[in-house]
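Heads up, the thing below is written out as structure tokens.
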Amino acid sequence: SSGPWRTANPKPVITAGLGIMLSEEHNGLQIVVIEKGSPADKSADISRGDVVVAVDRVRVAGKSSEEVLDMMQGAPNSTVSITVKSSGPGQVERMVELRRGTAKDSAWITKSGASA
């Protein structure tokens, strides 16, 4: 039975990421690790060494890697668009649509501030 002293405890919101680790480099936030089998790994359009330019069309210049990884996370199986460019001068930006992992994919959920 529920009384006024009982409160409903909602389940914690589980966020899923893309299976990447970022590093703050001189040219921006660079993808340094892509987890094997992760959503990022399954995409042919995103590679280690790419620089993240925007998340869901929001430019990330000046943001920390933690802020950007937070932007990349969301509900399991939801989609997010990441704009990346290859490192090096004169590279063209490209937008990549990725589907986030599922809640059971713990490798794709941020455990430290370093991966999403």
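Basis for what follows: all heavy atoms, side chains included, without hydrogens, waters or symmetry-related copies. Just so you know, residue 1 is the first one in the sequence shown, and it goes up from there.
Residues E35 and I20 form no side-chain contact, since every pair of their non-hydrogen atoms from C-beta on lies 4.5 Å or further apart. At least one side-chain heavy atom of E66 sits less than 4.5 Å from a side-chain heavy atom of E24. V53 is not listed as a side-chain neighbour of V84, based on a closest heavy-atom distance of 4.5 Å or more. Between M21 and I31 there is no side-chain heavy-atom pair separated by less than 4.5 Å. Annotation: side chain of K42 is not in contact with side chain of P39 (no heavy-atom distance under 4.5 Å).
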Inset, instruction - Please assess V51 against L29 for the test side chain to side chain contact (heavy atoms under 4.5 Å, CB included), listing each intermediate value before the final yes or no. - result: CA-CA 5 Å; V51 175; L29 293 170; 5.6 Å; no

Inset, instruction - Walk me through it: do M72 and D56 pass the test side chain to side chain contact (heavy atoms under 4.5 Å, CB included)? - result: CA-CA 8 Å; M72 289 181 182; D56 282 334; over 6 Å; no

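The two residues S38 and I34 make their nearest non-hydrogen contact at OG-CG2, 3.9 Å. Closest of all the heavy-atom pairs between V32 and L22 is CG2-C, 4.1 Å.
No donor-acceptor pair closer than 3.5 Å links the side chain of Q30 to the backbone N or O of D50. Judged by distance alone, the side chain of R94 and the main-chain N or O of T83 form no donor-acceptor pair under 3.5 Å. Side-chain atoms of S43 come within 3.5 Å of backbone atoms of D45 as a donor-acceptor pair (strictly under, hydrogens ignored). Proximity of a side-chain donor or acceptor of E67 to a complementary backbone N or O of S64 within less than 3.5 Å is detected.
Side-chain contact of E97 with S81: a donor-acceptor pair under 3.5 Å is absent, judged by distance alone. S78 and R100 form a side-chain donor-acceptor contact under 3.5 Å, judged by distance and modelled atom types alone.
Under a cut-off of 6.0 angstrom, the local environment of CZ in R48 is sparse, with at most 12 non-hydrogen atoms contributed by other residues, nucleotides or ligands.
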